[in-house]
A.B. asks: 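Can you keep this structure in mind? I'll have questions shortly.
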Amino acid sequence: MKNLTIVGAQWGDEGKGKIVDHLCGKFDVVLRFQGGHNAGHTIVIKDKKFILSILPSGLIRNKLCVIGSSVVIDPFHFLNEINLLKKKRIIVTKENLRISNNASILLPFHSLIDQIRENKLSKKKIGTTGRGIGPCYEDKIARRGLKIYDLEDINHLKNRLKNLINFHNIFLKSVSKKIISFNEILKLLVSIRKKILPFSEDVSELLNSKKFSNKKFLFEGAQGLMLDVDHGTFPFVTSSNTIPASAAISLGVKPSKIGNILGIVKAYTTRVGEGPFPTELRSGQGLELAKKGNEFGSVTGRPRRCGWFDAVQCKKAINIAGIDSLALTKIDVLDGFKKIKICHKYKLGKKTINHMPNSVKTLNRIKPDYLTLDGWCQNTSSIKNKNLLPKKTKQFIKTLEKLLNVPISIISNGPERNDIINLKKII
Ligand code: GDP
Ligand code: IMO
Ligand code: MG
């Protein structure tokens with residue numbers, strides 16, 4: 001098998017963590033390439049539940065894991081997450097985790113700024129996780145943010161930090177009583193730098209070294225393709241590129257290393273936060289999906305908005321990411337529905353359209369056009385063999401494959417690690 005990149009092909013929380021955990025045994029290295037601790041990737045093993053935000057899911061199987069330079073790292077959260085794993089007997093050391101010394105440092109005032117903007121300033125909220133992701137990426141692009149390697153030299157760190165804090169205090173003074181104390185943040189950073197630095201290295205150099213020339217890589221995406229800052233439902237997106245193409249940028253490897261691309265989709269659609277969602281069902285079946293699917297955000301606990309599967313949206317995701325095949329998760333959630341809908345076209349006024357427009361203004365006018373299928377009304381959650389799937393479940397899968405023109409290679413029928421059915425070889 002070639003290298004593999006796994007991405008969520010909707011608005012996040014598709015079950016990426018579970019599928020990475022399922023597949024990573026076949027790979028040598030698991031690599032996170034974007035986002036930060038806004039992600040929440042769940043892995044359930046019997047009665048144990050792990051929710052990973054900044055750490056790659058491959059750690060649960062003790063794979064060598066690497067965090068790339070496009071990731072924004074809150075060093076305090078990072079160390080906490082390592083401690084939480086330790087309590088569950090997963091030991092993370094520099095032997096199984098390397099972080100790019102080029103990765104950006106997310107600081108406590110980033111989340112403060114994020115929350116002030118969301119709660120006090122903006123009339124139209126994005127519904128961020130409030131974890132400071134946007135402000136930290138802004139600092140990176142503006143070339144004033146801190147990088148992990150800035151922790152190496154305290155004098156240099158002081159200069160960089162002073163410049164950064166001076167900039168933000170201009171804004172904070174005008175909107176809040178709270179301004180950032182340089183001494184406080186410096187003290188915090190000095191207290192943890194020796195715990196962070198052993199993990200840090202030039203990961204591009206490492207991954208391009210002879211030792212890694214035959215190693216198999218699995219790139220783990222965070223967020224979903226519709227939250228990509230360039231291709232998603234802007235401005236209701238996250239601040240990073242969630243598409244696989246960004247994995248090569250982040251890790252500093254040849255683009256062909258991205259390998260095959262596996263998109264993860266739920267058998268329906270969910271979204272946390274604000275923004276357009278053409279197939280959203282605000283009551284009735286939407287609430288039923290939320291209840292059966294236990295649809296609450298893994299990071300913020302917010303209820304997820306729910307609706308039917310949107311094949312038009314998914315086709316866009318397939319295009320922007322170059323998806324070769326799909327894993328379809330949470331089919332068990334559809335077990336009790338007598339009728340199941342799939343959006344196959346959009347209506348825009350009197351026109352029918354077959355693609356998802358970029359403009360949010362246009363997207364807000366879209367009405368979904370549905371195919372209606374008979375539900376299977378049978379429990380699928382204990383099925384282990386694809387041949388034992390109900391006929392109508394097979395029909396649902398076939399209909400999606402036909403609409404999307406990509407194979408569905410994996411089915412997930414429950415949260416537990418073993419609730420999975422392999423249908424086809426991943427291509
Ligand atoms: P990620 O961010 O893409 O890794 O997904 P999350 O972990 O945020 O959300 C997926 C949720 O669905 C988690 O609570 C998983 O335990 C759960 N889950 C994953 N696959 C399945 C499935 O096939 N069926 C059910 N019922 N739950 C699932
Ligand atoms: P995983 O990896 C679902 C959403 C937020 C908000 C928007 C911007 O678990 O799939 P941000 O804090 O990133 O600035 O918020 O993006 N969002 C997610 N939604 N799953 C996630 O991650 C998300 N990460 C961010 O809800 O709408
Ligand atoms: Mg999640």
Side-chain angles (χ1 to χ4, degrees), residues 6-22 32-45 48-54 56-57 71-72 106 110-111 113-115 117-118 125-138 220-229 232-240 242 263-277 289 291-305 327-335 379-381 383 410-421:
I6 293 184
V7 286
Q10 292 160 328
W11 278 279
D13 303 328
E14 299 89 348
K16 298 176 286 293
K18 178 179 167 170
I19 304 297
V20 170
D21 172 70
H22 171 63
R32 241 314 272 280
F33 57 92
Q34 44 67 232
H37 67 314
N38 48 349
H41 296 175
T42 315
I43 296 157
V44 180
I45 304 165
K48 267 194 189 167
K49 188 176 188 173
F50 301 90
I51 300 179
L52 300 177
S53 288
I54 192 69
S57 301
V71 175
V72 290
L106 189 149
H110 287 127
S111 47
I113 295 166
D114 192 357
Q115 286 166 26
R117 282 189 196 154
E118 284 279 288
K125 278 188 188 198
I126 287 169
T128 70
T129 57
R131 293 200 155 183
I133 306 299
C136 185
Y137 275 112
E138 288 167 29
E220 175 178 3
Q223 288 73 57
L225 294 168
M226 291 300 111
L227 292 171
D228 181 278
V229 67
T233 47
F234 188 91
F236 302 96
V237 291
T238 192
S239 297
S240 65
T242 60
I264 318 295
V265 284
K266 283 181 193 174
Y268 49 99
T269 313
T270 66
R271 169 163 209 172
V272 214
E274 304 302 316
F277 178 175
L289 285 168
K291 195 167 166 217
K292 291 192 170 149
N294 193 23
E295 295 296 353
F296 294 94
S298 323
V299 168
T300 56
R302 290 177 292 175
R304 296 182 184 136
R305 300 155 62 192
L328 184 69
T329 62
K330 300 192 110 165
I331 57 151
D332 53 301
V333 175
L334 297 184
D335 282 354
N379 182 0
T380 58
S381 61
I383 297 174
I410 296 174
I411 295 284
S412 170
N413 56 345
E416 215 276 333
R417 178 185 257 178
N418 294 313
D419 295 331
I420 212 143
I421 307 170

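Treat the numbers as computed from the prediction; the structure is a model and nothing was measured. Remember, it's 1-based here, ligands and their atoms both numbered in the order they're listed.
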A.B. asks: Give the atoms of ligand 2, by number and element, whose distance to some non-hydrogen atom of A39 is under 4.0 Å.
C.D. replies: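 Within the 4.0 Å cut-off of A39, ligand 2 contributes 1 (P), 2 (O), 9 (O), 22 (O).
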A.B. asks: Which ligand 2 atoms, with their elements, are less than 4.0 angstrom from a heavy-atom of G12?
C.D. replies: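 With G12 as reference, the close atoms of ligand 2 come out as 3 (C), 10 (O), 20 (N).
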A.B. asks: Which of the atoms in ligand 2, numbered in the order shown and given with their element, are less than 4.0 Å from a heavy-atom of K16?
C.D. replies: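 What qualifies from ligand 2 is 1 (P), 2 (O), 10 (O).
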A.B. asks: Under 3.5 Å between any N/O of G414 and any N/O of ligand 1: does that happen in this structure?
C.D. replies: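 Yes, there is a polar N/O contact under 3.5 Å.
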A.B. asks: So does E295 pair up with R271, basic N to acidic O under 4.0 Å?
C.D. replies: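 No salt bridge links E295 with R271.
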A.B. asks: Can you sort out which atoms of ligand 1 are near S412, meaning under 4.0 Å from one of its heavy atoms?
C.D. replies: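 Per the distance check, 20 (N), 21 (C), 22 (C), 23 (O).
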A.B. asks: Examine ligand 1 and decide if any of its atoms is less than 4.0 Å from a heavy atom belonging to G40.
C.D. replies: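 G40 counts as a contact of ligand 1 under the 4.0 Å cut-off.
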A.B. asks: What N/O/S atom of D13 gets nearest to the Mg ion (ligand 3)?
C.D. replies: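 Within D13, restricted to N, O or S, the Mg ion (ligand 3) is closest to atom OD1.
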A.B. asks: Strictly under 4.0 Å, does any heavy atom of W11 approach an atom of ligand 2?
C.D. replies: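 Within the 4.0 Å threshold, so yes.
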A.B. asks: List ligand 2 atoms under 4.0 Å from L227, heavy atoms only on the residue side.
C.D. replies: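 Those atoms are 4 (C), 16 (O), 17 (N), 18 (C), 19 (N).
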A.B. asks: Please list, in number order, the atoms of ligand 2 under 4.0 Å from a heavy atom of A222.
C.D. replies: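 Contacts of ligand 2 toward A222, numbered from 1: 2 (O).
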A.B. asks: Hey, does R304 sit under 4.0 Å from ligand 1 if you only count heavy atoms?
C.D. replies: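 It does; at least one heavy atom falls under 4.0 Å.
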A.B. asks: Are any of the N or O atoms of K330 closer than 3.5 Å to those of ligand 1?
C.D. replies: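 N/O-N/O distance below 3.5 Å exists for this pair.
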A.B. asks: Could an N or O of ligand 1 be found under 3.5 Å from any N or O of E14, whether backbone or side chain?
C.D. replies: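 The answer is yes, given that E14 and ligand 1 share an N or O pair closer than 3.5 Å.
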A.B. asks: Pairing donors with acceptors under 3.5 angstrom, does anything connect the side chains of K18 and T42?
C.D. replies: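 Their side chains do not contain a donor-acceptor pair, so the 3.5 Å distance test is not met.
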A.B. asks: Look only at interatomic distance and state if G40 has a nitrogen or oxygen under 3.5 Å from any nitrogen or oxygen of ligand 2.
C.D. replies: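 Indeed, backbone or side chain, G40 has an N or O that close.
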A.B. asks: Going by distance alone, is a donor N or O of one side chain under 3.5 Å from an acceptor N or O of the other, for D21 and S57?
C.D. replies: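 No.
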A.B. asks: Would you check the N or O atoms of G224, main chain and side chain alike, for any that come under 3.5 Å of an N or O of ligand 2?
C.D. replies: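 No: no nitrogen or oxygen of G224 is under 3.5 Å from one in ligand 2.
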A.B. asks: Show me which atoms of ligand 2 lie under 4.0 Å from any heavy atom of V237.
C.D. replies: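 Every atom of ligand 2 under 4.0 Å from some heavy atom of V237: 7 (C), 8 (C).
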A.B. asks: Return a yes/no value for K16: is any of its N or O atoms, backbone included, closer than 3.5 angstrom to an N or O of ligand 1?
C.D. replies: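 For ligand 1, there is an N or O atom that lies under 3.5 Å from one belonging to K16.
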A.B. asks: Output yes when the distance from some N or O of ligand 2 to some N or O of D13 is under 3.5 Å, and no in every other case.
C.D. replies: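 Between D13 and ligand 2, an N or O pair is found under 3.5 Å apart.
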A.B. asks: Classify the side-chain pair T242/Q223 by whether it contains a donor and acceptor separated by less than 3.5 Å.
C.D. replies: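 No - no donor-acceptor pair under 3.5 Å links their side chains.
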A.B. asks: Does any donor atom in the side chain of H41 or E220 lie under 3.5 Å from an acceptor atom in the other side chain?
C.D. replies: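 There is such a pair between these side chains.
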A.B. asks: Suppose I only count heavy atoms of G273 and a 4.0 Å limit; which atoms of ligand 2 are within that range?
C.D. replies: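 By the 4.0 Å cutoff, the relevant atoms are 27 (O).
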A.B. asks: What do you reckon, does R131 have a nitrogen or oxygen under 3.5 Å from a nitrogen or oxygen of ligand 2?
C.D. replies: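 No - when backbone and side-chain N and O of R131 are compared with those of ligand 2, no distance drops under 3.5 Å.
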A.B. asks: Counting both backbone and side chain atoms, is some N or O of R271 under 3.5 Å from an N or O of ligand 2?
C.D. replies: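 R271 vs ligand 2: no N/O contact under 3.5 Å.
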A.B. asks: Between the side chains of T269 and R304, is a donor N or O closer than 3.5 angstrom to an acceptor N or O?
C.D. replies: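 Per modelled atom types, T269 and R304 side chains form no pair under 3.5 Å.
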A.B. asks: Under a 3.5 Å threshold, yes or no: a donor from one side chain and an acceptor from the other, between R302 and T300?
C.D. replies: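 There is such a pair between these side chains.
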A.B. asks: Under 4.0 Å from a heavy atom of G127: give me the atoms of ligand 2 that qualify, with their elements.
C.D. replies: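 So the answer, numbered in order with elements, is 5 (C), 6 (C), 26 (O), 27 (O).
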A.B. asks: Non-hydrogen atoms of D419 versus ligand 1: any pair closer than 4.0 Å?
C.D. replies: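 Contact absent.
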A.B. asks: Between the side chains of Q10 and Y268, is a donor N or O closer than 3.5 angstrom to an acceptor N or O?
C.D. replies: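 Distance-only check fails for Q10 and Y268.
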A.B. asks: Assess, by modelled atom type and distance only, whether the side chains of T380 and D335 contain a donor and an acceptor separated by less than 3.5 Å.
C.D. replies: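 There is such a pair between these side chains.
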